[in-house]
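Only one structure is covered here, and it is reproduced in the block below.
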Amino acid sequence: QVQLVESGGGLVQAGGSLRLSCAASGRTFSSYAMGWLRQAPGKEREVVASISRSGGRTYYADSVKGRFIISRDNAKNTVDLQMNSLKPEDTAVYYCAAAATSIAIRIWEYDTWGQGTQVTVSS
């Protein structure tokens with residue numbers, strides 16, 4: 001099993017950048033696909049990015065493709081989300097999550113979640 005803690009959220013103006021980081025405890029980090037998910041007020045939770053166990057494959061939601069980059073460092077037990085060209089519609093609570101699959105692109109594939117970090121993009 002793994003425990004996850006997110007950091008790096010905050011307030012940023014539209015067009016700006018923000019980098020989220022997720023620190024994992026335990027010694028089984030590399031056995032999980034990792035993802036970043038978000039939930040905005042009045043909207044369903046969605047997977048915005050996912051990365052495979054080895055880091056060789058990535059997935060991005062169409063809404064963030066070309067703007068966000070997910071990466072992981074299995075030696076440091078971390079997964080990051082670099083967010084560029086931020087838009088007000090990116091405002092949400094962002095969660096780091098782990099899945100017991102090679103790569104996960106659907107909500108139900110994730111079974112371990114962090115506490116979330118707020119990202120607010122002003123217009």
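Below, each value reflects all heavy atoms present in this structure, side chains not excepted, and no hydrogens, waters or symmetry copies. For this chain, numbers begin at 1 and follow the sequence in order.
A single hydrophobic cluster is seen to contain both Tyr32 and Leu20, as judged by linkage of ILVMFWY side chains at heavy-atom distances under 4.5 Å, directly or through other members. Cluster annotation: Val48 is connected to Val121 through the hydrophobic network of ILVMFWY side chains, with a link wherever side-chain heavy atoms come within less than 4.5 Å. Both Val64 and Trp36 sit in one connected hydrophobic cluster of ILVMFWY residues. Membership requires side-chain heavy atoms under 4.5 Å apart, directly or through other members. The hydrophobic clustering, which links ILVMFWY residues whose side-chain heavy atoms are closer than 4.5 Å, places Leu11 and Val93 apart. A continuous path of Ile, Leu, Val, Met, Phe, Trp and Tyr side chains, each step under 4.5 Å between heavy atoms, connects Trp113 with Ile105, placing both in one hydrophobic cluster.
To the nearest 0.5 Å, the span separating OH on Tyr95 from CZ on Arg45 amounts to 5.0 Å. The line from OG of Ser50 to CD of Glu109 is 8.0 Å long, rounded to the nearest 0.5 Å. With values rounded to the nearest 0.5 angstrom, Leu81 atom CG is found 11.0 Å from Glu6 atom CD. The distance from atom CZ of Phe68 to atom CG of Asp80, rounded to the nearest 0.5 Å, is 13.5 Å. Taking CZ of Arg38 as the start and CG of Asp90 as the end, the distance is 5.0 Å to the nearest 0.5 Å. Here Asn77 contributes atom CG and Cys22 contributes atom SG; the two are 10.0 Å apart, rounded to the nearest 0.5 Å.
Using a distance-only test at 3.5 Å, with no hydrogens or angles considered, a donor-acceptor pair links the side chain of Arg72 to the main chain of Phe29. Between the side chain of Gln115 and the main chain of Val5, no donor-acceptor pair closer than 3.5 Å is present. Of the possible polar contacts, one joining the Tyr110 side chain to the Ala104 backbone as a donor-acceptor pair under 3.5 Å is found. Judged by distance alone, with hydrogens and angles left aside, the side-chain atoms of Arg57 form no donor-acceptor pair with the main-chain N or O of Ser52 at under 3.5 Å. A donor-acceptor pair under 3.5 Å is absent between the side-chain atoms of Gln82 and the main chain of Ile69, judged by distance alone.
Ala97 and Leu4 get closest at one heavy-atom pair: CA-CD1, 3.7 Å. Shown here for Ala14 and Pro88, the closest heavy-atom pair between the two residues is CB-CD, 4.1 Å. Of all heavy-atom pairs spanning Cys96 and Val79, the tightest one is SG-CG1, 3.6 Å. Nearest heavy-atom pair, Ala33 versus Ile103, reported as atom, atom and distance to 0.1 Å: CB-CA, 3.6 Å. Minimum interatomic distance between Ile70 and Met34 (heavy atoms only, all atoms of both residues): CD1-O, 4.1 Å. The minimum heavy-atom distance between Thr101 and Arg53, with the atom names listed, is O-NE, 3.2 Å.
By the neighbour-count criterion of 12 heavy atoms within 6.0 Å, atom CD of Gln3 is sparsely surrounded, having that number or fewer from other residues, nucleotides or ligands.
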